[in-house]
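We count ligands from 1, going down the list as the structure has it; atoms in each ligand are counted the same way.
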Amino acid sequence: MLILSFESSCDETAAALVRDGRTVERSLVRSQVEEHRLYGGVVPEIASRRHIEAIAGLYGAVFEGTGYGMEDVEAVAVTYAPGLIGALLVGVNFAKSLSMACGKPLVPVHHLRGHIAANYLAHPKLEPPFLCLVVSGGHSHIVEVLDYTQFRVVGRTRDDAAGEAFDKAARALGFPYPGGVYMDKAAAQGNPKAYAFPHPKLSTPYDFSFSGLKTAVVNLLHNASQKGEELNPYDVAAAFQETVTDILTEKLFGAAEELGYRRIVAAGGVSANSALRRKLEAGCRERGWEFFVPPLALCGDNAAMIGAQGYYEYLAGVRGGLDLNAYATMEI
Ligand code: KG4
Ligand code: ZN
């Protein structure tokens, strides 16, 4: 079954054709990051406008060279939450119009469910149940994936998401937006033990808090500049990355032990982080557990993951009507 999918929740406009939730026939991503970089972050108004300019062209281009046309598509899937509301509305309205004009069912997909489903594309044998760390620019969750469309959040961030913390620390260090990938590269050249950053203690053991860590980086830089000292930004990046990835890994393994999961999955933009991948992989290997993470190209935002999850939502009977709306926030 062929699904045409769209994603426009943040600063990537994307369209894809996905077969049976597992095979990417074609996936196109148009990133706006170069433009938002000028402002040090995503400008929602610009994001919406660029989605509008891009989405119809991507719809045309996604069929090119595949031999498929709209007549081969059985359903249209689209990200409808969470994200920037104006950005989401572009994808939702385009998908809704297409569904109405072509008489194809419309399937609304939650963005984080999509991130998790990126793993189904990369790992054909992966099936729920499993415990998933979902770490992106807007969210940090530990989620029990009970079934393809059944989720239970075990832990979440109380303030900044992991990606947001990476981006803010990167900004303080003078790296371009979005800083996560620059932090990862810089960290490779630094000493992760150069600084000891705090591990926040929370009453709920599987929740996260990253805003204090960002403040610790800012204070470290500020104090050094007041004393006229030069800090090595590679060491700061390495120590920061070490702390964030230690926290994510410890909490995920703690939750897995308590809940009895032996199959661990990571997803979302931050799952591209090399230290995080290494630690999760090594920790699972030591314990004899299974570990799955998408290839780098499927960690960030894309429409193929929406097509993958869209398939399972479709099978579960999920449909969007002509009154389908977009939502800036929504529980998974
Ligand atoms: O999932 P995503 O593409 O978009 C959202 O749904 O938010 O995640 C983007 C986030 C950004 O904060 C970006 O800096 C972070 O993922 N990121 C990374 C890396 N690559 C992307 N963070 C740490 N290390 C990386 N290699
Ligand atoms: Zn995302």
Side-chain angles (χ1 to χ4, degrees), residues 5-14 16 27 29-33 36-37 40-42 44 47 78-84 87-88 91 109-119 132-141 143 157 160-173 175-188 190 192 208 210-211 213-214 217 237-238 240-249 266-280 293-306 308-309 328-330 332:
S5 53
F6 295 98
E7 154 66 39
S8 70
S9 67
C10 190
D11 58 351
E12 260 101 29
T13 325
S27 171
V29 179
R30 179 143 332 145
S31 176
Q32 310 170 357
V33 72
H36 295 295
R37 187 169 285 150
V42 177
V78 64
T79 308
Y80 78 126
L84 299 171
L88 286 164
V109 177
H110 189 289
H111 183 76
L112 295 185
R113 292 187 180 200
H115 271 302
I116 296 170
N119 281 284
C132 188
L133 177 69
V134 192
V135 270
S136 70
H139 298 84
S140 296
H141 282 5
V143 184
T157 184
D160 290 353
E164 199 176 350
F166 266 105
D167 294 343
K168 286 177 176 172
R171 190 183 178 130
L173 284 167
F175 297 128
Y177 175 83
V181 68
Y182 295 95
M183 291 289 279
D184 198 343
K185 283 188 192 138
F208 304 106
F210 292 117
S211 71
L213 200 53
K214 171 207 67 192
V217 170
F240 176 86
Q241 177 174 278
E242 178 82 348
T243 310
V244 173
T245 54
D246 274 350
I247 293 171
L248 293 171
T249 308
V270 182
S271 69
N273 183 265
S274 59
L276 182 62
R277 294 168 85 93
R278 213 166 38 237
K279 286 177 193 184
L280 292 176
V293 66
L296 296 189
L298 286 172
C299 289
D301 290 346
N302 64 83
M305 68 187 197
I306 302 304
Q309 183 62 25
T329 59
M330 182 181 280
I332 192 168

Write out the residue and atom name of the closest protein heavy atom to [atom], then the distance separating them to 0.1 Å.
atom	value
atom 21 (C) of ligand 1	Gly269 O, 3.4 Å
atom 22 (N) of ligand 1	Gly180 CA, 3.4 Å
atom 15 (C) of ligand 1	Val270 CG2, 3.9 Å
atom 26 (N) of ligand 1	Asp184 OD2, 2.9 Å
atom 9 (C) of ligand 1	Gly137 N, 3.7 Å

Task: Salt bridge present between Glu242 and Lys279 (N-O < 4.0 angstrom) - done: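 Yes, this pair counts.
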- [ ] Mark the output for Gly138 as yes if a heavy-atom distance to ligand 1 is under 4.0 Å, and as no if none is.
- [x]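 Gly138: in contact with ligand 1 (<4.0 Å).
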Task: Residue Gly300 vicinity, atoms of ligand 1 by number, heavy atom under 4.0 Å - done: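 That gives atoms 3 (O) of ligand 1.
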Open item on the list: So, 2.8 Å as the limit: is an N/O/S atom of His111 located closer than that to the Zn ion (ligand 2)?
Closed with: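 For His111, the answer is yes, given that an N, O or S atom comes within less than 2.8 Å of the Zn ion (ligand 2).
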Task: Metal check, the Zn ion (ligand 2) vs His139 N/O/S, cut-off below 2.8 Å - done: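 Within the cut-off used here (under 2.8 Å), His139 places no N, O or S atom near the Zn ion (ligand 2).
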Open item on the list: Given the Zn ion (ligand 2) as the apex, I'd like the angle to NE2 of His115 and OD1 of Asp301, rounded to 10 degrees.
Closed with: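 With the Zn ion (ligand 2) as the vertex, the angle is close to 100°.
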Open item on the list: Considering Leu276, Val42, Thr79, Asp167 one by one, which has a heavy atom nearer to atom 14 (O) of ligand 1 than any of the others?
Closed with: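 The nearest heavy atom belongs to Asp167.
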- [ ] Check each of Met305, His111, Glu12 against atom 6 (O) of ligand 1 and report the one with the nearest heavy atom.
- [x]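 Comparing heavy atoms across Met305, His111, Glu12, the nearest one to atom 6 (O) of ligand 1 lies in His111.
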Open item on the list: Using a 4.0 Å heavy-atom cut-off, which part of Asn273 comes near ligand 1: side chain, backbone, both, or neither?
Closed with: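 Asn273 to ligand 1: contacts from backbone and side chain alike.
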Task: Ring centers of Phe166, Phe240 separated by less than 6.0 Å - done: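 Yes, close enough.
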